[in-house]
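Report on the structure given below.
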Number of protein chains: 2
Amino acid sequence: MRVLLVEDDVDLSRQLKLALGDAGYAVDHAADGEEAHFLGDTEPYDVVVLDLGLPKIDGVSVLERWRRDGKTTPVLILTARGAWSDKVSGFDAGADDYLTKPFHTEELLARLRALLRRSAGIASATLSCGGLRLDPRAARATVSGEPLRLTSLEYRLLHYLMMHQGRVISRTELVEHLYDQDFDRDSNTIEVFVGRLRKKIGPDRIETVRGLGYRLTPLAGESDGT
Amino acid sequence: MRVLLVEDDVDLSRQLKLALGDAGYAVDHAADGEEAHFLGDTEPYDVVVLDLGLPKIDGVSVLERWRRDGKTTPVLILTARGAWSDKVSGFDAGADDYLTKPFHTEELLARLRALLRRSAGIASATLSCGGLRLDPRAARATVSGEPLRLTSLEYRLLHYLMMHQGRVISRTELVEHLYDQDFDRDSNTIEVFVGRLRKKIGPDRIETVRGLGYRLTPLAGESDGT
DNA sequence: TCCCCGGCTGAGCGCGATCTGAACGGCGCG
DNA sequence: CGCGCCGTTCAGATCGCGCTCAGCCGGGGA
């Protein structure tokens, strides 16, 4: 999952970037509204954390523009305590959630998880597919009850696949959502990791669709509608 | 499905060509308005992605000419940010959708799917015909619930047939829509692939109309559940 | 009936896509 | 500072796909 963090306070943004990174997100950071707007337009984020008090262009304006352009990426707004009007206008502008500063990193993470879940149209807090099960809260996955030992990237890969199970995901899409901006596009890391993941969760789970990408096959008996 | 990509920016067009190819389209590329106009006149595209700022002939003019000539191919326009007047004149000229640069590849793909669906007069996001069902979003097809394992070309073939079920499709038409420009016209690949497809979806689905082509027969008793 | 033409099919080939094992280099930790 | 873990790279192996070819079949007209 890839997140755009828009925050001008240097300390806070560094701290958040770390926390988000630790939580397994690929993080891009924008320090002002202009940069935020550009990045959000350019890169396919899964979710945006948007501070409102920003240099150059105000957060609300950035959000408004995105929405006017038809972007539906979930946005979580950070507001200063008591800045009530900000909150309202933020929601009006199309925010999906908000959080008042100061806050606990934990809460931010929880809200992000919820947002991602909602935006993927998934009800339950844990993902499952066949004997596979993944709990974003604990960042832990199991195959038929057995806990898996996954590295960070393996986990992220599995997470993304499970969020979009049944769909063919192109290598490009994976790269765009697992990594942040600067990443060498022609490299076969994805293949390598798919390989490693297969070795851990069983070879039949991830189907490769030649010329298109990969698909995590939801075995029969799944509820979850698209 | 075959798409004409009209874009003069070298980097962007290369990137888009890749992405479109990945998504299973046959892609032709025109780098200026003249070429675009010629290709659009000559080849039967299913959809056109048209950049507006073009050398030689402007995108809007190209579109206007096509429309004047009676072409109804859906056209998606790419505009530079904020070029509002372009957008308006683009719509006036007969565009079906627009996207402002920069944009996410995924959004372009989603909009193209929507356009193709709309242009075929199909409401539901998934195609169905008899026990056959095809979901373009997941790039997956099923026969009476059983998932099919189709190769890229088999899938494209089936997709095209299902989009035009009930109509006789000539071999030429198939070739023109499944491949890009340079393709050896006297070859029997189509027959081979029809054969393979029949083997996978059952022999009675695709009817041969001698001397004319093939027809996918929509059996009686369709309910179609979205 | 025989021949011609269009369509069908099984086999096989070449290429590019994908996989995989091994090795490298950075980083954190003891 | 040495060790182990991890992400990445590379090169060779492998495999599947799309295409061609050649022969077969079946229908229809002469």
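Chain letters run A, B, ... following the sequence lines, proteins first, then strands; residues in each count from 1. All heavy atoms count here, side chains included; hydrogens, waters and symmetry mates do not.
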- Message: Contact between L54(A) and D32(A) at the side-chain level, heavy atoms closer than 4.5 Å - yes or no?
- Response: no
- Message: Using OP1 and OP2 only, check whether a side-chain N or O of Y179(A) sits under 4.0 Å from dT8(D).
- Response: yes
- Given atom OH of Y155(A) and atom C1' of dG7(D), what is their separation to the nearest angstrom? 19 Å
- Could you check R171(B), R167(B), E207(B) and say which one makes a side-chain hydrogen bond (donor to acceptor under 3.5 Å, both in side chains) with Y214(B)? R171(B)
- Query: Taking CD from E191(A) and C1' from dG16(D), how many angstroms apart are they, rounded to a whole number?
  - Reply: 14 Å
- So with a 6.0 Å cut-off around CZ of R140(A), is the heavy-atom count from everything else above 12? no
- Message: Applying a 4.0 Å non-hydrogen cut-off, can you work out what R198(A) is touching in the nucleic acid: base, sugar-phosphate, or nothing?
- Response: sugar-phosphate
- Among K101(A), K17(A), R14(A), the one residue meeting salt bridge (charged side-chain N to carboxylate O under 4.0 Å, His left out) with E7(A): K101(A)
- Query: Taking CG from L150(A) and P from dG7(D), how many angstroms apart are they, rounded to a whole number?
  - Reply: 10 Å
- Message: What contact category does Y214(A) fall into here, base, sugar-phosphate, or nothing, at under 4.0 angstrom with non-hydrogen atoms?
- Response: sugar-phosphate
- Closest to side chain of S152(A), choosing from dT20(D), dG7(D), dC15(D): dG7(D)
- Is S187(A) near enough to dT9(D) that one of its side-chain N or O atoms lies under 4.0 angstrom from OP1 or OP2? yes
- Message: Can you measure F193(B) atom CZ to dG16(D) atom P for me and round it to whole angstrom units?
- Response: 15 Å
- Query: Has T208(B) got a side-chain N or O lying under 4.0 Å from the OP1 or OP2 atom of dC8(C)?
  - Reply: yes
- When you get a sec, tell me which of dC17(D), dA22(D), dT8(D) is the closest nucleotide to the side chain of N188(B)? dA22(D)
- Between P of dT20(D) and CG of L153(B), the distance in whole Å: 12 Å
- Hey, does the side chain of R196(B) come within less than 4.0 Å of dT9(C)'s phosphate (OP1/OP2), counting only N and O? no
- Return the value, rounded to whole Å, for the distance between atom CG of L157(B) and atom C1' of dC19(D). 15 Å
- Report the distance from atom CG of L212(A) to atom P of dG16(C), rounded to the nearest whole Å. 18 Å
- Query: Counting any heavy atom closer than 4.0 Å, what does R171(A) reach on the DNA or RNA strands: base, sugar-phosphate only, or nothing?
  - Reply: sugar-phosphate
- Message: If you compare every side-chain N and O of K199(B) against the phosphate oxygens of dG10(C) (OP1, OP2), does one of them come in below 4.0 Å?
- Response: yes
- Item | Presence of T151(A) side-chain N/O under 4.0 Å of dG7(D) phosphate oxygens OP1/OP2 | yes
- Please give, in whole Å, the distance from dT8(D) P to L174(A) CG? 13 Å
- Message: If we count only N and O atoms by modelled type, under 3.5 Å, do the side chains of R2(B) and Y179(B) hold a donor and an acceptor together?
- Response: no
- Message: Considering every strand and a 4.0 Å limit on heavy-atom distances, what is the contact class for V194(A): base, sugar-phosphate, or nothing?
- Response: nothing
